[in-house]
There are 2 protein chains.
Amino acid sequence: MPFRFNYIATILEENVSRLTRATIRDVAHAAGVSVGSASRALNGGRNVSARVIEEVAQAAKQLGYQPDFLARSLRTRSSGMVGCLVSDIANPLYAEIVQAAEGRLREAGCLLVVASTGNDPKREQDAVAEFRGRRLDGVLVAPGSDTNEKSWRALAEAGTAVVILDRDPPSSDDGPFPSVLVDHRGGAVAATRYLLGLGHRRIALLTPGARMRPGRERIAGFRQAFADAGRSLDGALVCPQESSMDFAYSAALAVLEAPARPTAVIALGTRILAGTLRAARTLGLSIPEDLSVVSVGDTDIAAVHTPAITALRWSLEDVGRAAAELLLQRLKGDGTTAPPRALLPVDLVLRESCAPPTRT
Amino acid sequence: MPFRFNYIATILEENVSRLTRATIRDVAHAAGVSVGSASRALNGGRNVSARVIEEVAQAAKQLGYQPDFLARSLRTRSSGMVGCLVSDIANPLYAEIVQAAEGRLREAGCLLVVASTGNDPKREQDAVAEFRGRRLDGVLVAPGSDTNEKSWRALAEAGTAVVILDRDPPSSDDGPFPSVLVDHRGGAVAATRYLLGLGHRRIALLTPGARMRPGRERIAGFRQAFADAGRSLDGALVCPQESSMDFAYSAALAVLEAPARPTAVIALGTRILAGTLRAARTLGLSIPEDLSVVSVGDTDIAAVHTPAITALRWSLEDVGRAAAELLLQRLKGDGTTAPPRALLPVDLVLRESCAPPTRT
DNA sequence: GATGGATTTGGAAACGTTTCCAATTCCTCT
DNA sequence: AGAGGAATTGGAAACGTTTCCAAATCCATC
């Protein structure tokens, strides 16, 4: 059928000269069918004859046809894009989650757009609005603060599927969102119980604060482990603090210089761990003889340090993938079922940084 | 004008009941103007009377109108989105770049979509095609391999603005892309010269290989510093190697156990640094007395280690921001000017891990 | 007050899809 | 062979914008 080839040649030539891509109209024309049929043939092939599918596929291939997702999205009201909103993408904690989520979403043909908020509620709300304007199909979000009502409201009103990353929505809000939670409480219990089991009684929990779910849960777990063991907890040993490096150092120093110095420390986060290790060195405390250390979060530093630091570990990859999964499920499903909730385990990785306390 | 308020009320009611958002048509109708005028009034206000602008703005506000970016993009052929393609977003190296780029792009009203390729050329090309299909305005990309012709071709044919992150396109290709490069060579020269100046003669360069620009440039800088000093370079001291943690450890071990063991090591990357430090510990070599160490890349480990490790540092934030800047410039401009090229400096951060070699 | 140009306006045509609807074709069964 | 239903098809209407074009209005000048 020379006609078709001529036609294709014509279109190709036009495209080259105009620097414009082939549209489905070109494909349809080249295949000698209507636009509607071409569309049907290209998508799934519901209600099209095999012949048409074949013809269209061939024409599409010859023209190098690539569908325009924008146009499709406009029509179908689904952009095939998902947003991820975290305070700081550069934070390895979030970076790995983003990475894993992107992987799963790509399998489903979704793109992931990222935005960091720098913990600014204003920017959080702006980003949600922006996402909404772009008709993103869903959002993975770790609000910078659990308690900012406005942000939660913005999410509720965004009208897209939402999955929360390791945060607790204010309980009262209308229909909590699906969420992926990490069992920080269980982890803290395990770590504390372990130290108690080694014989430690004065244990310091160095935490950047209880503003958000992870911190809250860890503190709760810490207390719970003491309660379970029938031991009373010296409240002063929970030390909420800022997490800047220098501050962590001086705070750790203060704790370790106290008259009844703790014999074990649970350090939350990279910075606090680093500050603690440095403080221990400054004071000439050797680990684990003079001081046992557990890191919450298994970072490079914990793994590489000498001695290697016992750490609580959870899979960020799982968090990301579970979040993507939940979201996809939400997008497919009718959304009428109760919001699902994934709780991911935390493991205690035993290394060399803990030992029974020496009597002094 | 009760008519208008009634109308607005009607639209709002419809929207609530249909769960559909107000369109520009609604706004125009509510304001009593044509759709065209409404559009003009909402964008910039070129060729519209002040009265119309006012009316439209008010109607838009009352209806909670939010423009639909998809529709706009379809019409204007510009999606306001930029892609970022790297091997691994979770790698802190890239994560920070992404973070910075996103910040700058947001200022310009662009969204950033990310994709990681896992160093798979196939996925790289797929992603470029996907981006193209979504009509992304541009791409920031760090190809997983400098040498894969196909990937470069895919980029060239993508028809979008491209900015390369710290990679060298094959020289011959048609019109190289704008790029943001880091002066790894200069950094390597500085580090090597510094060690030579301290009196070191046997210096090992532990590198994950020369497959990509950063490695190549560092090796070149290393050689150059020797040449500049009029010293001959023992070729064996350049040790290309895989960068898995265990492998890095055993490789470092092998180097440090060699008969004429090097008195200084330049370690490229987190893993190799960690492996080197561990190997030194294993062999009972103390730093810096028995072994001087320079880290290429200023990571947590380098900064926190005891002794703190002297490191080559460059600003990932600058890389990200410069890349975004270049891309935006490219998007605004006619693109006819020569592709710009940003070269970012590398600094040697002096810490405690280097000293003159002891005569043994 | 008519003339002319500049400004503002409304209507409609894109942008590239998908999907609805009616019309056509194709089977199968009487 | 004709009827009836299922499958396929073409044409057109959306989706929500921006932008083009021609018509209408304005304002100053003659």
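Note on naming: letters A, B, ... go to the chains in the order of the sequence lines (proteins, then strands), and numbering restarts at 1 for each one. When reading the values below, keep in mind they use all heavy atoms of this one structure, side chains included, and skip hydrogens, waters and symmetry mates.
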Under 4.0 angstrom between Ser49(A) side-chain N/O and dT9(D) OP1 or OP2: yes
N or O in side chain of Arg25(A) less than 4.0 angstrom from dC15(C) OP1/OP2: no
Indicate every side-chain donor-acceptor pair of residues 136-143 of chain A with a distance under 3.5 Å to a residue at least two apart or in another chain.
from: Asp137(A); atom 1: OD1; to: Ser79(A); atom 2: N; distance (Å): 2.9
from: Asp137(A); atom 1: OD2; to: Ser78(A); atom 2: OG; distance (Å): 3.3
from: Asp137(A); atom 1: OD2; to: Gly80(A); atom 2: N; distance (Å): 2.8

Of the candidates dT17(D), dT9(C), dC15(C), the side chain of Leu74(B) sits closest to dC15(C)
Please round to 10 degrees the angle between the axis of the first five pairs and the axis of the last five pairs in the helix from dG1(C)-dC30(D) to dT30(C)-dA1(D). 50°
Expected rows: protein N/O vs nucleotides 23-28 of chain D N/O, under 3.5 Å:
none

Lys/Arg N to Asp/Glu carboxylate O, Glu325(A) vs Arg321(A), below 4.0 Å: no
Side-chain N or O of Arg77(A) versus OP1/OP2 of dA14(D): is the shortest distance under 4.0 Å? no
Counting side-chain heavy atoms from CB outward, which of dC15(C), dT9(C), dG16(D) is closest to Thr23(B)? dG16(D)
Suppose the criterion is salt bridge (charged side-chain N to carboxylate O under 4.0 Å, His left out): which pairs have a residue in residues 113-122 of chain A, not counting sequence neighbours? Lys122(A)-Asp126(A)
Decide, yes or no, whether a salt bridge links Arg51(A) with Glu54(A) under the criterion of side-chain N to carboxylate O below 4.0 Å. no
Got a sec, which residues hit salt bridge (charged side-chain N to carboxylate O under 4.0 Å, His left out) with Arg134(B), two or more places apart in sequence or on another chain? Glu130(B)
May I ask you to evaluate whether Asn47(B) reaches the phosphate of dT9(C), defined as a side-chain N or O under 4.0 Å from OP1 or OP2? no
For nucleotides 10-13 of chain C, give me every protein contact, N/O to N/O, under 3.5 Å, one pair per line with atom names.
from: dG10(C); atom 1: OP2; to: Ser34(B); atom 2: N; distance (Å): 3.0
from: dG10(C); atom 1: OP2; to: Ser34(B); atom 2: OG; distance (Å): 3.4
from: dG10(C); atom 1: OP2; to: Ser37(B); atom 2: OG; distance (Å): 2.9
from: dG10(C); atom 1: N7; to: Arg40(B); atom 2: NH2; distance (Å): 3.1
from: dG10(C); atom 1: O6; to: Arg40(B); atom 2: NH1; distance (Å): 3.3

